[in-house]
Amino acid sequence: MDSHVRVRFAPSPTGPLHIGGVRTALYNYLFARKHQGRLILRIEDTDQNRLVAGAEAYIIESLRWCGLSYDEGPDIGGPYGPYRQSERLSLYRQYADQLVARGHAYYAFDSAQELEEMRQRQARAGSDSFQYDAVMRRVMKNSLTLSTAEVQQRLASGAPYVIRALIPEDIEVRFTDLIRGEVVVHSRQLDDKVLFKSDGWPTYHLANVVDDYLMKVTHVIRGEEWLSSTPLHVLLYRFLGWEQHMPHFAHLPLILKPEGTGKLSKRDGDKWGFPVFPLAWTDPETGQITLGYRERGFLPEAVINFLALLGWHPTGNQELFELYELVHDFSLEHIHKGGARFDFDKARWFNHEYLKRRSGEELAALWAQRPSYPHGFSRTYVAQVCELLKHRCSLIEEFDEVGRPFFERPVLTAELKNKLHEHQAAVWLTAFIEALMALEPFSKEALEHMMKSFLKNSGLKAGSIFPVLRLLILGVEQGPSVVDAISILGKEETGARLQHAQKMLQPVAEN
Ligand code: GLU
């Protein structure tokens, strides 16, 4: 199959891309790259009522941030374009007409009100679902029930109509799903879906099948929510005489809520405080901003690694995969059938692992994109702080808190002072400050050496002075090593902080 593999990621620009969508894009990307095939980005914007301004640009930016490059798409073109369905409108009508001409589709003239009335009549009769199907089509207003003359007259007069698929009455529709195996659906379960709308636009079903065919798509890899539409798509390939060209189907498992039941939604993110979008999204109507993985301090490689394992499992125990390793190891056979439970702690764990691999300079540059970045300090200094603290952070945003002592002097609270008195810090602090200030030139090695002799000469234990120094210098009990902290802060700043602490301690110490 290799070189002719063509897959597509076909989002509808109805809002921000959900991480489930990013995972679909990722699996398509991995499959394409693994087989030296091509990945297409196709924008499915046939539902003009649901279009959301900025959504397409958001999708493109998200894919770029994740490093998921595609070979053909609306912004880069390609041999099978255009890649936005709204720019392909003239193509679809002929296939809808062809389907009608071959008896696989029909005109339906029912108004919205008539459909609603029928729905209510059905509900009163005890049926909980209304389906425009083999039974219902016989009592509705369509080209199957109206005379040819009336149909012609309605069409000629410009009366509104839709084109519906004529689902055969008593057949089994079969197809093989590469993840789920053999799928068999009885046509009784299918309804006569609208293929072409009264506004002159095709529906998703028609446009999707026509485009997959015209774009020579070989594998349709998409979310499980589309599994129930696939029997109709299989029938459309058959009706249009394209069965030989029908792509393989692979439906990906759902991403489940952290509780393990139900599909993960934006509401879960709001409830538990984790992002469900790759990038920040500003709702064009309300102006409300929802932060994404990027703004919360995730690295794209961590998000990719996390999403790859959310539904796919490698053969061995390896968990950390760079993108190229995923390409190498990926296979559809190792995708789970069941839903994958979303685990934000796991996402943080991956990010922690990848943060550690980035240099202090890179982390400082990422931190600089956040509003909380400590301005007024040199990039070299911030990078040193990041390098020192990266092992303590899972997200870039955590540098705000963990890094604060390097950018703000600690506040000596009453509680802190009491603690210092317990340790009798005032007794040795003066000597320590003197020894520190005398270091010339100042270096980490010189500092280490000075510390050793200070302990030796004073007879104090490392365990009794280091925690106190950390409190005095950084204001925290847990944190980086004192030598590291002092060598980054420098002699002057450390000295200033210690002298300030000393003054605060003095009056009480003299009592
Ligand atoms: N436009 C559909 C969506 O928004 C694509 C489904 C498919 O890949 O066929 O998810």
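Keep in mind that the numbers below use all heavy atoms, side chains included, and drop hydrogens, waters and symmetry copies. Order of listing sets the numbers, starting from 1, for every ligand and every atom in it.
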Taking the six-membered ring for Trp and the full ring for Phe, Tyr or His, determine whether the centres of Phe31 and His219 are under 6.0 Å apart. yes
Counting only heavy atoms closer than 4.0 Å, does ligand 1 sit against the backbone of Thr24, its side chain, both, or neither? neither
Using side-chain heavy atoms (C-beta onward) and a distance below 4.5 Å, is Ile163 in contact with Leu99? no
Distance under 4.0 Å to a non-hydrogen atom of Glu44: what atoms of ligand 1 satisfy this? 1 (N), 2 (C), 5 (C)
Phe239 and His104 aromatic ring geometry - parallel, tilted or perpendicular at 30°/60° bounds: parallel
Nearest-neighbour protein heavy atom for atom 4 (O) of ligand 1, which is reported as residue plus atom name and distance: Ser12 OG, 3.1 Å
Enumerate the atoms of ligand 1 whose separation from the nearest heavy atom of Asn208 is less than 4.0 angstrom. 7 (C), 9 (O)
Thr14: partners by side-chain hydrogen bond (donor to acceptor under 3.5 Å, both in side chains), with sequence neighbours left out: none
Proximity to ligand 1 by part of Phe9, non-hydrogen separation under 4.0 Å: neither
For Thr24, enumerate each residue passing the side chain to side chain contact (heavy atoms under 4.5 Å, CB included) test, keeping only those at least two apart in sequence or located in another chain. Phe9, Asn28, Leu252
Residue, atom name and distance, where the atom is the protein heavy atom closest to atom 5 (C) of ligand 1: Ala10 O, 3.0 Å
Compute the centroid of each ring, for Phe350 and then for His352, and state whether the two points are separated by less than 6.0 Å. no
May I ask whether Arg8 places a heavy atom under 4.0 Å from ligand 1? yes
Can you tell me the protein heavy atom closest to atom 3 (C) of ligand 1 and the distance? Trp226 CZ2, 3.5 Å
